[in-house]
Amino acid sequence: MSRIFITGSTDGLGLAAARTLMKEGHHVVLHARSRERASALADISPTALGLVIGDLASATETRSIAEQVNAIGRMDAVIHNAGIYLERSRGETPEGHAKTRAVNVLAPYLLTAWITRPDRLVYLSSGMHRSGSSALDDIDWKERPWSASQAYSESKLYIATLAAAIARHWPDVLSNAVDPGWVPTKMGGAGAPDDLEMGHLTQTWLAASDAGVTKVSGGYWYHRQRREAVAEVGDPGFQDGLVEKLAGLTGVRLFTERE
């Protein structure tokens with residue numbers, strides 16, 4: 001059985017993934033933004049491997065999340081599920097970043113750097129990544145007029161690209177991106193047309209299955225099928241440019257020169 005950490009596991013896809021993995025006998029570490037939000041996990045947290053608390057909009061709290069996870073022990077897999085959708089304004093995190101950028105991109109980047117390297121990494125992207133701009137000169141939205149939809153689309157382009165970059169730099173890790181579809185969660189809305197169950201079963205499958213088809217890296221997945229992401233995701237030049245930008249924004253370098 002695997003030890004698996006899931007960010008944003010108090011509701012939606014993250015909670016569904018946690019319930020599924022725990023039912024299968026895996027040892028799951030849950031995550032909540034705050035102690036108040038953790039109350040939503042009261043029925044499953046007693047049987048979980050652990051519960052960590054921290055707001056991904058804060059780099060300091062993100063560091064604390066990583067430390068809490070590492071204190072529990074090395075994970076076999078991490079599912080980077082947490083995310084925010086259409087923010088009305090750019091917002092301002094404690095470090096001065098756009099909130100969408102911080103939660104959807106910088107936090108998983110930092111957790112990837114700070115959590116003891118697992119065997120598998122799963123990052124939640126979206127079909128909306130296809131609308132993301134490949135320009136990297138203002139990825140933190142300091143100069144452009146704010147667009148909630150465009151900021152979200154770009155965040156999902158970046159996270160799919162990060163997954164592909166990790167697959168290229170860390171051959172000992174299975175790193176994949178998942179498009180869960182437009183599913184009826186709090187984020188997606190009650191009228192969303194896609195299958196909620198398949199929305200979370202793809203990431204649990206990639207995180208824990210022994211099936212040979214899951215032993216791959218650098219994939220972009222939708223409902224357990226490989227799909228083609230936009231060309232930038234697989235472009236080493238774009239990958240390296242993005243990772244360099246993220247290192248500049250966070251002060252944390254993910255890859256060494258040898259990787």
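Note that these values count all heavy atoms, side chains included, but never hydrogens, waters or copies made by symmetry.
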Could you check H129 against Y158 for ring-ring contact (aromatic ring centres under 6.0 Å, His included), going step by step and ending with a plain yes or no? CA-CA 8 Å; H129 87 276; Y158 300 157; over 10 Å; no

Write out all pairs satisfying side-chain hydrogen bond (donor to acceptor under 3.5 Å, both in side chains) with one or both partners inside residues 224-233, taking only residues at least two apart or from two chains.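 Those involving residues 224-233 do not exist here.
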
Just to verify, what does E95 make a salt bridge (Lys or Arg N to Asp or Glu O under 4.0 Å) with, not counting sequence neighbours?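 Applying salt bridge (Lys or Arg N to Asp or Glu O under 4.0 Å) to E95 gives none.
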
To which residues is W146 joined in a hydrophobic cluster, defined by side-chain heavy-atom contacts under 4.5 Å among Ile, Leu, Val, Met, Phe, Trp and Tyr, whether direct or through other members?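 Members besides W146, by chain and number: W141.
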
Answer yes or no: is there an ion pair linking D137 with K245, defined by an N-O contact shorter than 4.0 Å?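 Judged by the 4.0 Å cut-off on N to carboxylate O distance, D137 and K245 do not form a salt bridge.
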
Does a salt bridge link K156 with D179, judged by any charged N lying under 4.0 Å from a carboxylate O?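 The answer is no: the pair does not qualify as a salt bridge.
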
Would you give me the side-chain donor-acceptor pairs under 3.5 Å for residues 47-60, sequence neighbours excluded?
unit_1, atom_1, unit_2, atom_2, d
T47, OG1, I44, O, 3.1
D55, OD1, A57, N, 2.9
S58, OG, T60, N, 3.3
S58, OG, E61, N, 3.1

OG/S2 to CG/D210 distance, rounded to the nearest 0.5 angstrom?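 Those atoms lie 7.5 Å apart.
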
If you group Ile, Leu, Val, Met, Phe, Trp and Tyr by side-chain heavy-atom gaps below 4.5 Å, do I166 and L249 land in one group?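 Result: yes, single cluster for both.
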
Worked verdict on Y123 versus T112 for side-chain hydrogen bond (donor to acceptor under 3.5 Å, both in side chains): CA-CA 10 Å; Y123 298 86; T112 301; 2.8 Å; yes

Distance-only criterion, 3.5 Å: show the donor-acceptor pairs between side-chain atoms of residues 74-84 and protein atoms not counting sequence neighbours.
unit_1, atom_1, unit_2, atom_2, d
R74, NE, R117, O, 3.1
R74, NH2, R117, O, 3.4
R74, NH2, D119, OD1, 2.7
D76, OD2, R3, N, 2.7
N81, OD1, G14, N, 3.4
N81, ND2, T7, O, 3.0
N81, ND2, G8, O, 2.9

With sequence neighbours left out, what residues match S39 under side-chain hydrogen bond (donor to acceptor under 3.5 Å, both in side chains)?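 S39 satisfies side-chain hydrogen bond (donor to acceptor under 3.5 Å, both in side chains) with no residue once adjacent residues are dropped.
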
